[in-house]
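Quick notes on the structure that follows.
If you read the sequence from its start, that first residue is 1, and numbering goes on from there. All heavy atoms count here, side chains included; hydrogens, waters and symmetry mates do not.
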Amino acid sequence: MNADLTRLFRSAWHLLTDVPGWSEPPLKLRLRRLVPILLPFSASLLLVGWSILVHRPQIERTRANFAPLIALEQDTRQLREVCSDEEAMNLAEGAREAAALMLPSPEAAPGQLEEIRETVSRHQWVGVFKDYQPVTTGNPQDRGILFVPAAGKMMPERRNTRPFVTLLEFLTEFTSMKLRTDLTRLAIRVDEQSGPVVELNFRMASLPPHEEASQ
């Protein structure tokens with residue numbers, strides 16, 4: 001095996017360093033003959049080694065560092081294929097309009113109840129309202145929305161000479177409020193001493209706390 005390799009290298013040496021017209025050229029001439037072949041081969045070998053040992057690992061490190069940005073760009077490209085910029089703007093505008101119809105958070109419910117109480121007072125009624133723990137519904141259309149249940153009790157003021165007319169006026173204004181408020185129960189009973197007593201249950205739509213924090 002070693003003898004075969006020796007003969008192979010010797011044959012290659014003579015082939016690459018052969019000088020025409022010389023059967024046994026001097027070593028100096030053989031080396032001069034070998035230089036034009038050895039220099040390009042060495043340069044190519046250095047380039048291949050630099051590419052494998054330096055350039056390729058650097059590219060891999062760069063790809064790893066920018067992998068989140070590349071993934072984000074791919075997601076953005078996919079979203080653009082599914083939804084145009086105009087459609088995205090329309091969806092964002094619709095989301096802003098929908099958010100304007102809801103409480104910014106469940107903690108804002110007492111303030112909204114105070115506004116309802118003031119509306120009741122304008123219609124010459126006295127109202128007491130209370131909110132409860134927010135809940136969610138199983139309706140897919142209401143997914144991502146909290147509902148704050150509330151209950152109230154109303155009695156007409158002594159100066160109110162048209163309790164039922166003013167009650168209808170209040171209910172009309174109540175059901176057309178800017179914020180989404182769903183009336184779930186309405187009970188009216190008449191007390192001989194105080195007159196009509198109205199009990200109502202309703203719920204107020206609210207953004208979840210995490211959505212409020214993201215705005």
Practice problem: Using the test side chain to side chain contact (heavy atoms under 4.5 Å, CB included), find all partners of Leu168 that sit at least two apart in sequence or belong to another chain. | Solution: none
Exercise. Please list, chain by chain and in numerical order, all residues satisfying side-chain hydrogen bond (donor to acceptor under 3.5 Å, both in side chains) with Asn160, sequence neighbours excluded.
Key: Thr166
Exercise. I would like to know whether Val198 and Leu167 meet side chain to side chain contact (heavy atoms under 4.5 Å, CB included); could you show each step before the answer?
Key: CA-CA 9 Å; Val198 178; Leu167 176 61; 3.7 Å; yes
Quiz item: If you group Ile, Leu, Val, Met, Phe, Trp and Tyr by side-chain heavy-atom gaps below 4.5 Å, do Leu200 and Met204 land in one group?
Solution: yes
Quiz item: Going by the ring pair (Phe, Tyr, Trp, His ring centres under 6.0 Å) test, which pairs reach into residues 151-191, not counting sequence neighbours?
Solution: Phe170-Phe174, Phe174-Phe202
Quiz prompt | CG-CD1 distance between Leu207 and Ile145, expressed to the nearest 0.5 angstrom | solution = 8.0 Å
Quiz item: Do Ser206 and Pro134 touch side chain to side chain, with heavy atoms closer than 4.5 Å?
Solution: no
Quiz item: Hey, which of Asp182, Leu183, Thr181 is the one that makes side chain to side chain contact (heavy atoms under 4.5 Å, CB included) with Arg203?
Solution: Asp182
Quiz item: What closest approach, in Å, do Pro110 and Asp131 show between heavy atoms, and which atom pair accounts for it?
Solution: CG-OD1, 4.2 Å
Quiz item: Are Leu186 and Leu171 close enough, and set up right, to give a side chain to side chain contact (heavy atoms under 4.5 Å, CB included), and what steps lead you there?
Solution: CA-CA 10 Å; Leu186 176 65; Leu171 292 176; 3.8 Å; yes
Quiz item: Taking only residues two or more places apart in sequence, or in another chain, which ones meet Val165 in a side chain to side chain contact (heavy atoms under 4.5 Å, CB included)?
Solution: Arg162, Glu169
Below 3.5 Å, can you tabulate the donor-acceptor pairs from side chains in residues 49-57 to any protein atom, sequence neighbours excluded?
none

Quiz item: Listed by chain and number, what are the side-chain hydrogen bond (donor to acceptor under 3.5 Å, both in side chains) partners of Asn201, not counting sequence neighbours?
Solution: Arg185
Practice problem: Only counting residues at least two apart or in another chain, list the ones meeting salt bridge (Lys or Arg N to Asp or Glu O under 4.0 Å) with Arg159. | Solution: Glu157
Quiz item: Between atom CE of Met102 and atom CD of Gln112, what is the distance when rounded to the nearest 0.5 Å?
Solution: 13.0 Å
Quiz item: Should Ile116 and Met177 count as side-chain neighbours, where that means a heavy-atom distance under 4.5 Å?
Solution: yes
Exercise. Give the minimum heavy-atom separation between Val148 and Ala109, together with the two atoms involved.
Key: CG1-CB, 3.8 Å
Quiz item: Pro149 and Val135: which non-hydrogen atoms are nearest, and at how many Å?
Solution: CG-CG2, 4.1 Å
Quiz item: Is there a path from Phe129 to Leu179 through hydrophobic residues (I, L, V, M, F, W, Y) whose side chains come within less than 4.5 Å of each other?
Solution: yes
Quiz item: Can you name the salt bridge (Lys or Arg N to Asp or Glu O under 4.0 Å) partners of Glu60, sequence neighbours left out?
Solution: Arg63
Practice problem: Dump the intermediate steps for side chain to side chain contact (heavy atoms under 4.5 Å, CB included) on Met154 and Val128, then the final yes or no. | Solution: CA-CA 7 Å; Met154 299 166 43; Val128 178; over 6 Å; no
Quiz prompt | Non-neighbouring partners of Glu115 that pass salt bridge (Lys or Arg N to Asp or Glu O under 4.0 Å), sequence neighbours left out | solution = none
Exercise. Could you list who else is in Val197's hydrophobic cluster, with ILVMFWY side chains joined at under 4.5 Å, directly or through other members?
Key: Met155
Exercise. Please report the C-alpha distance between Gln124 and Thr161 in whole Å, then the side-chain angles of each, then the deciding distance to 0.1 Å, and finally whether the side chain to side chain contact (heavy atoms under 4.5 Å, CB included) criterion is met.
Key: CA-CA 9 Å; Gln124 299 181 2; Thr161 59; 5.9 Å; no
Quiz item: Which ring pair (Phe, Tyr, Trp, His ring centres under 6.0 Å) pairs, counting each pair once, include a residue from residues 102-125, with sequence neighbours left out?
Solution: none
